[in-house]
Amino acid sequence: MLHRDDLKVSRRTGFVADERFYWHHAGVITSGCDIASFNPGGGEFVQPNSGTQGYFENESTKRRMANLIDVCGLLEKLDTATVKKRAAQKEELCYFHSRVYVDKVEDMSCRNGGDAGDFAFFGPGSYNIAALAAGCCIEAVNSVLDQALDNAYVLCRPPGHHAERDRGMGFCLFNNIAIAAEHAVRNRGKKRVAIVDWDVHHGNGTQQAFFERSDVLFISVHQDNLYPPSSGSLNEVGAGDGEGFTINIPLPPGAGDGAYKRVMEAVILPSLKKFDPEIILVSCGFDASFQDPLGCQMVTSLGFQQMARDVLSLDIPIVFCHEGGYSPEHVPYCGLRVVEEMAGLEKSNVNFYDDGLNYGYQACQKWQEDVVQKVCELHAL
Ligand SMILES: [Zn+2]
């Protein structure tokens with residue numbers, strides 16, 4: 001193990017984590033198999049999980065990722081001070097969300113919490129935590145646009161990309177990345193903002209925010225028809241002025257590092273180069289991991305690292321906003337490799353081996369390449 005002083009990084013990378021993100025409580029649940037169990041408090045026939053491990057979306061994946069980055073020595077090489085940690089104001093949350101919805105979440109948060117819409121459970125006080133998540137993403141955008149940092153990772157919670165204008169969805173209360181993108185347009189005068197969403201689920205909320213807009217390019221690679229159901233198909237390409245500025249790549253289950261590499265090379269990087277964004281925001285979920293309980297893809301930590309390397313290679317100001325990822329074992333390693341890549345770390349202190357590298361079908365398969373080809377034809381890439 002290298003002494004911390006010998007760890008060498010080449011970029012100024014902001015890293016935003018906050019104890020309060022871990023205090024958001026997303027309820028207690030049994031499994032995704034028994035509809036009767038989708039009630040906070042537990043299921044009818046299956047023993048509910050309890051405590052902090054209660055829900056798929058709980059704080060442990062994020063806390064463990066932050067802790068790994070700390071104990072391996074990397075944290076000392078990151079900038080934890082420049083990005084201002086603050087809650088988004090109500091007006092900022094309303095860049096995307098309706099006032100009625102924001103007020104509703106605030107009101108419920110002052111009581112006992114509840115469900116903000118569709119599988120978006122929260123406990124008392126989560127309004128403030130969700131507003132902090134959105135505010136930190138806004139400030140990370142400011143820091144990279146001010147060139148105070150080369151890039152920034154916001155380990156925010158709750159996640160955001162499913163949250164729609166009028167309702168929370170899929171563990172998400174406020175759409176952190178949509179609000180941050182809107183901030184870049186409204187307050188920083190940016191005319192071209194790109195969002196790359198590699199969470200295994202479709203970023204339906206973010207898509208909704210910019211579906212008719214040509215100033216924000218939204219690219220989502222996700223598992224076909226996972227969550228939300230029937231969302232993120234190939235032919236959802238934007239509408240009106242926004243036609244062609246929404247790009248969906250719905251991969252069949254079983255896609256590994258090879259398929260994601262192909263998507264990056266054939267779709268994401270060419271689209272970004274064509275659009276020429278002034279800033280890139282990444283909806284960085286780690287649930288395409290081969291160990292994730294809520295997806296059926298096979299990406300390894302090296303696969304995520306490669307995707308980070310690819311988007312960083314464009315040398316455009318970039319902010320990563322944490323989204324999903326539900327394997328407490330694997331998310332920390334995936335997150336570590338991404339943040340190491342962002343910082344340009346010469347040599348990692350952490351050696352580990354991903355079993356997923358040995359899985360069959362890690363190379364891009366014909367049925368995955370077929371999807372890539374269809375997307376390329378549709379978007380003239
Ligand atoms: Zn997800």
Side-chain angles (χ1 to χ4, degrees), residues 21 24 26-27 29 31-32 38 55-62 64-65 116-122 130 133 137 153-164 167-178 195-209 218-233 236 248-256 259-260 263 268 281-301 303-304 307-308 320-335 338 356:
F21 291 146
H24 161 64
I29 205 160
S31 77
F38 275 107
Y55 206 16
F56 291 115
E57 204 295 302
N58 63 65
E59 95 286 0
S60 72
T61 50
K62 290 81 177 173
R64 286 164 62 96
M65 174 178 155
D118 182 57
F119 298 122
F121 300 114
F122 63 100
C137 291
Y153 193 101
V154 188
L155 186 50
C156 49
R157 184 170 177 266
H161 74 150
H162 291 308
E164 296 189 338
R167 64 170 177 165
M169 283 181 72
F171 319 148
C172 302
L173 298 183
F174 300 135
N175 197 313
N176 306 315
I177 205 158
I195 298 174
V196 176
D197 186 330
W198 65 52
D199 187 282
V200 79
H201 305 98
H202 181 232
N204 59 294
T206 316
Q207 173 171 299
Q208 183 195 47
F218 175 65
I219 310 171
S220 177
V221 53
H222 48 270
Q223 186 181 319
D224 191 15
N225 198 12
L226 183 57
Y227 180 88
S230 308
S231 181
S233 68
E236 292 169 26
N248 281 300
I249 309 124
L251 289 173
Y260 276 80
V263 166
I268 297 180
L281 308 179
V282 178
S283 263
C284 184
F286 293 114
D287 38 13
S289 147
F290 71 97
Q291 289 193 328
D292 199 273
L294 292 185
C296 293
Q297 305 297 44
M298 305 197 303
V299 180
T300 70
S301 58
F304 286 110
M307 288 198 283
F320 285 58
C321 304
H322 196 93
E323 299 282 1
Y326 307 99
S327 164
E329 291 78 21
H330 200 219
V331 166
Y333 292 111
C334 298
V338 164

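First listed ligand is number 1; within each ligand, the first listed atom is number 1. In this text, all values refer to a predicted model and were calculated from it rather than measured experimentally.
- Not less than 6.0 angstrom separates the ring centroid of Phe171 from the ring centroid of Phe122.
- Aromatic pair His222/His202: centroids less than 6.0 angstrom apart.
- If you check the side chains of Thr206 and His161, you find no donor sitting under 3.5 Å from an acceptor.
- At least one N, O or S atom of Asp199 sits under 2.8 Å from the Zn ion (ligand 1).
- With respect to the Zn ion (ligand 1), His201 has ND1 as its nearest N, O or S atom.
- For the side-chain hydrogen bond (donor to acceptor under 3.5 Å, both in side chains) with Tyr227, the lone residue among Asp118, Asp287, Asn204 that qualifies is Asp118.
- For Asp287, the N, O or S atom with the smallest separation from the Zn ion (ligand 1) is OD2.
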